[in-house]
Amino acid sequence: QVQLVESGGGSVQAGGSLRLSCAAFGATYSISSINCMAWFRQAPGKEREGVASIQYGGSVTFYADSVKGRFTISQDNAKNSLSLQMNSLKPEDTAMYYCAAGRGVCYVGSRSSLNNGLYDYWGQGTQVTVSS
């Protein structure tokens with residue numbers, strides 16, 4: 001089992017920045033089974049959508065069109081952590097943000113990597129609110 005704990009959410013005005021972090025906890029063999037990680041978000045009344053994904057231990061990434069050029073996903077494998085740097089935030093970025101980890105096929109570098117069905121472990125979420 002892998003536990004994911006997000007932090008870094010908060011309230012910011014449009015145009016501002018936030019950095020989300022996700023720490024992974026678990027036995028070494030569980031952590032080593034992860035193939036990819038991703039950030040998802042869900043706004044009230046809307047479906048959960050993929051924001052960005054990254055190959056675990058690698059550098060291949062993929063971003064949703066809505067955040068491309070504004071958000072950057074990164075990882076620190078030594079610390080078993082994942083980050084999402086969010087710049088030029090817009091009110092439509094307001095949502096609960098979730099960290100996720102997948103053990104199976106992840107289709108890294110493709111839009112398919114943002115399919116939430118690929119991910120086995122989920123964090124509890126951290127709220128991001130962007131005011132205009």
Nearest-0.5 Å distance, [atom1] of residue [X] to [atom2] of residue [Y]:
X: I54; Y: T61; atom1: CD1; atom2: OG1; value: 6.5 Å
X: Q1; Y: D120; atom1: CD; atom2: CG; value: 9.5 Å
X: L89; Y: S11; atom1: CG; atom2: OG; value: 11.0 Å
X: R103; Y: Y121; atom1: CZ; atom2: OH; value: 4.0 Å
X: Q42; Y: N116; atom1: CD; atom2: CG; value: 9.0 Å
X: L84; Y: R19; atom1: CG; atom2: CZ; value: 8.5 Å

Table please: side-chain donor-acceptor pairs of residues 43-51 below 3.5 Å, with sequence neighbours left out.
from	atom 1	to	atom 2	distance (Å)
E49	OE2	R41	NE	2.6
E49	OE2	R41	NH2	3.2

Could you report the tightest heavy-atom contact between [X] and [Y], atom names first, then the distance?
X: Y56; Y: N80; answer: OH-OD1, 3.2 Å
X: L4; Y: C22; answer: CB-SG, 3.9 Å
X: N87; Y: S17; answer: OD1-OG, 2.9 Å
X: I31; Y: G26; answer: CG1-O, 3.9 Å

Considering only Ile, Leu, Val, Met, Phe, Trp and Tyr, and joining two whenever side-chain heavy atoms are under 4.5 Å apart, list the other residues clustered with V60. V108
Are [X] and [Y] connected, step by step, through hydrophobic side chains (Ile, Leu, Val, Met, Phe, Trp, Tyr) whose heavy atoms are closer than 4.5 Å?
X: V2; Y: L82; answer: yes
X: V12; Y: F71; answer: yes
X: L18; Y: Y63; answer: yes
X: M37; Y: W39; answer: yes
X: I73; Y: L20; answer: yes

Indicate yes or no for a side-chain donor-acceptor contact from T94 to the backbone of V130 under 3.5 Å, with no hydrogens or angles considered.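 Checked: pair present.
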Tell me whether N115 contacts the main-chain N or O of S112 through its side chain, where contact means a donor paired with an acceptor under 3.5 Å.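 Absent.
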Aromatic ring proximity, centroids under 6.0 angstrom, F62 and Y107: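 Distance test on ring centres: not under 6.0 Å, no.
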Return the orientation label for the Y119 and F40 ring planes: parallel under 30°, perpendicular over 60°, tilted otherwise.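 Aromatic pair Y119/F40 classed perpendicular.
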Any side chain to side chain donor-acceptor pair (under 3.5 Å) pairs touching residues 21-31, not counting sequence neighbours?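 As it turns out, there is no side chain to side chain donor-acceptor pair (under 3.5 Å) pair with a partner in residues 21-31 once direct neighbours are skipped.
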How about [X] and [Y]: do any of their side-chain heavy atoms sit closer than 4.5 Å?
X: S131; Y: Q13; answer: yes
X: M86; Y: V128; answer: yes
X: Q127; Y: Y97; answer: no

Count the heavy atoms of every other residue, nucleotide or ligand shown that sit under 6.0 Å from CD of Q85, and state whether that count exceeds 12. yes
Might you work through the side chain to side chain contact (heavy atoms under 4.5 Å, CB included) test for S83 and S74, ending with a clear yes or no? CA-CA 5 Å; S83 297; S74 61; 3.7 Å; yes
Verdict with supporting geometry, D65 and K68, salt bridge (Lys or Arg N to Asp or Glu O under 4.0 Å): CA-CA 5 Å; D65 290 342; K68 196 175 298 181; 3.3 Å; yes
Ignoring hydrogens and geometry beyond distance, is a side-chain donor-acceptor pair present between D76 and S81 at under 3.5 Å?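 Looking only at side-chain atoms, S81 and D76 do not form any donor-acceptor pair under 3.5 Å.
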